[in-house]
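First the structure, in the form of structure tokens, and then the observations on it.
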Number of protein chains: 2
Amino acid sequence: MANSRDVAKLAGVSISSVSRAFREDTYISKEVKQRILSAADELGYTPNLLARSLKNQKSHIIGLIISDIDNPFYSIMTRIIEAELKRSGYRILLSYSNENSEREAEDLSLLSSSRVDGILFTPTSVKNRSLVNQLKKQNIALVQMYRRGYTDLDSILVDDQRGAYLATKHLLQNGHRDILLLSVESSISPNRAEGYRQAMREENIPIQDHLIMHLPFQTDLRMTIYNKIKETQPTALIAGTNTIGMDFIKVCKEHKLSIPDDISLIMFDDVAWAGLLDITTISQPIDYLGLSACRAIIDRIEKNKSGEPIVSVLEPFLIARNSVKNLYLR
Amino acid sequence: MANSRDVAKLAGVSISSVSRAFREDTYISKEVKQRILSAADELGYTPNLLARSLKNQKSHIIGLIISDIDNPFYSIMTRIIEAELKRSGYRILLSYSNENSEREAEDLSLLSSSRVDGILFTPTSVKNRSLVNQLKKQNIALVQMYRRGYTDLDSILVDDQRGAYLATKHLLQNGHRDILLLSVESSISPNRAEGYRQAMREENIPIQDHLIMHLPFQTDLRMTIYNKIKETQPTALIAGTNTIGMDFIKVCKEHKLSIPDDISLIMFDDVAWAGLLDITTISQPIDYLGLSACRAIIDRIEKNKSGEPIVSVLEPFLIARNSVKNLYLR
DNA sequence: TTGTAGGCGTTATCAA
DNA sequence: TTGATAACGCCTACAA
């Protein structure tokens, strides 16, 4: 593979001129630049970004750790982030943590060694404190998305509590009282239950703690969900993620339960198929989430190197379709 | 950020010992290694992978260009690829081409400059011949997935023709004759129509060319699909991708058409929601596709540097659900 | 088993 | 506007 020395030789100039020919805002005559460019073309030369990064102490690469790619929510976000970062001249080193904090640790440490300029991630826990500290010391920008694990880092969040509140309120307004909340088990995002409780309190409905359930992160939850429904006999259900929603719908199909005739549903995440199945959802502003995260990290990298952590909270909203039965209309 | 020299100084050894302490299969005494490791720990030192890559002429990074991330098919594949490459010590530099060959060109050239060890991609066209040649000259391994654009590169394919054949055959066996094939417009994968024709010929059904339609790559195809259905009045439809399938289902909802009572459907890609809606699908072996692609590229990188292009073709299969009406049972 | 020195391909500084 | 040279941080002969 040809390097700048080869090009310099062929063009009859110095190696530093070659360097200049391949960068902006640099003094070089048109004529020389032209000669260098054609020499480079002849040799198939492209500047080596590895060497450039090493020299500049800047890789123009951002690590992205996605916690659960099977969730369409995160794949849409990934697309948005990729596009936005590309616009600003950054590229993505991708990995998936699978909601597993040890994998997250490996990823973080690899990104640390790779000298990325920043890391965008959804923390799975707060177990990787020391790694985070190391990254900070290294001056690698860190931005958390969707979950605020480490309070000293920038965070772009969605108000989950409000989402749960909206869902619960909507169900209450349709006459539901026995509402099952199926949320995800997580040490760092326990807000949904609170939104649920708040809505209940506002309507003076006694809160039944056994109707609030936190599910583990795993693929097939149908058994668990079915048993819980059998046991608690709710008239409505709030699914904390689209994967929980999907498993619930499967349960309904398998046991001939009709939505909303037998049981009503509101699901978090307005994924594409929710419209197909006419499901009322809590829509999270994925695009803003992605965009804000990109802006935040680029800002950290290019301007505001250090400073107080910035937290922005985005508002979810309810999209009403036909998966909630109005119990007052009987 | 501390470097190996700093660690060497603190541990009272030479810089080369530090290097050795951080690699396998190297001569170093336990005692010295231990001292180095704790010195490194104290300074928060991690080997700089950028420098290592530059020196070793090997980045352990593979470029992945995904053509359409909104398609769950590709996001699942991305997950599989990430996991498999990680197992082998490679990381992913991700980008999305959006089925746009100019973006693909940018991505390829950036990856070329980044000196990745290999590139996994789904070619959008064959317009980037010269870039591909440059990459080959650079000794960057190239593997195409899903589409065989450049015949001189390794390819991991799915037998689309067979998929279309299976779908058509299944519909014919259920008494359908007027079958609309909605495929994607692409210069490099025109096989579906052929599978359709083959099945038709086998049953001696005259082929109606206006029932074969190639749609452009874009988001909302509902209008086009509706008009085509109106015009051709088919009893069944084959959707070449899940996005086409989704748009078709939306059309049916909007115009109160029932699947399968008014019109039958077979869709390519067995995405998660297909089961929810009871749709008969042509399932593409995504996991094998991803795994094979990873094996192929690692093989190219680590063993079989040059050699004849390898083409492997995987078989799709039909998953029968309830979106096809049996016209013989009237 | 350990250390020295040169080079991987750039860019920044300084001088011409 | 151009060129020489010293880093950037690591690895690897080769020598000790």
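Just so it is clear: chains get the letters A, B, ... in the order the sequence lines come, proteins before strands, and each one is counted from 1.
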Just checking, is any N or O donor in the side chain of [X] or [Y] under 3.5 Å from an acceptor N or O on the other one?
{"X": "B:S112", "Y": "B:Q138", "value": "yes"}
{"X": "A:R79", "Y": "A:S75", "value": "no"}
{"X": "A:Q134", "Y": "A:S109", "value": "no"}
{"X": "B:Y146", "Y": "B:Q284", "value": "yes"}
{"X": "A:Q144", "Y": "A:D154", "value": "no"}

* To do: Please determine if B:R147 and B:E99 form a salt bridge, counting it only when a charged side-chain N lies under 4.0 Å from a carboxylate O.
  => yes
Under 4.0 Å, counting only non-hydrogen atoms across every strand here, what does [X] touch: a base, just sugar-phosphate, or nothing?
{"X": "A:S29", "answer": "sugar-phosphate"}
{"X": "A:V13", "answer": "sugar-phosphate"}
{"X": "B:L50", "answer": "nothing"}
{"X": "A:T46", "answer": "sugar-phosphate"}
{"X": "B:I28", "answer": "sugar-phosphate"}
{"X": "B:F22", "answer": "nothing"}

What is the separation between atom [atom1] on [X] and atom [atom2] on [N], rounded to the nearest whole Å?
{"X": "A:Q138", "N": "D:dC8", "atom1": "CD", "atom2": "C1'", "value": "15 Å"}
{"X": "B:N3", "N": "D:dC8", "atom1": "CG", "atom2": "P", "value": "8 Å"}
{"X": "B:L49", "N": "D:dC11", "atom1": "CG", "atom2": "P", "value": "9 Å"}
{"X": "B:E24", "N": "D:dC11", "atom1": "CD", "atom2": "P", "value": "12 Å"}
{"X": "B:N48", "N": "D:dC11", "atom1": "CG", "atom2": "P", "value": "9 Å"}
{"X": "B:K58", "N": "D:dC10", "atom1": "NZ", "atom2": "C1'", "value": "16 Å"}
{"X": "A:Y27", "N": "D:dT2", "atom1": "OH", "atom2": "P", "value": "13 Å"}
{"X": "B:R52", "N": "D:dC11", "atom1": "CZ", "atom2": "P", "value": "4 Å"}

* **D:dC10 phosphate, OP1 or OP2, under 4.0 Å from B:S4 side-chain N/O** => yes
* Structure fact -> Its 5'-most and 3'-most nucleotides having an atom under 4.0 Å from a non-hydrogen atom of chain B, DNA chain C is contacted over C:dT1 to C:dG9
* **A:R20 (side chain) and D:dG3 (base): donor-acceptor pair under 3.5 Å** => yes
* **Non-hydrogen atoms of B:A21 and B:I36 that approach each other most closely** => CB-CG2, 3.7 Å
* Pairwise 5' ranking along DNA chain C for B:E31 and B:R115, keeping only the more 5' one -> B:E31
* Pairwise 5' ranking along DNA chain C for B:S17 and B:Q57, keeping only the more 5' one -> B:S17
* Would one find more than 12 heavy atoms of other residues, nucleotides or ligands at under 6.0 Å from atom CZ of B:R129? -> yes
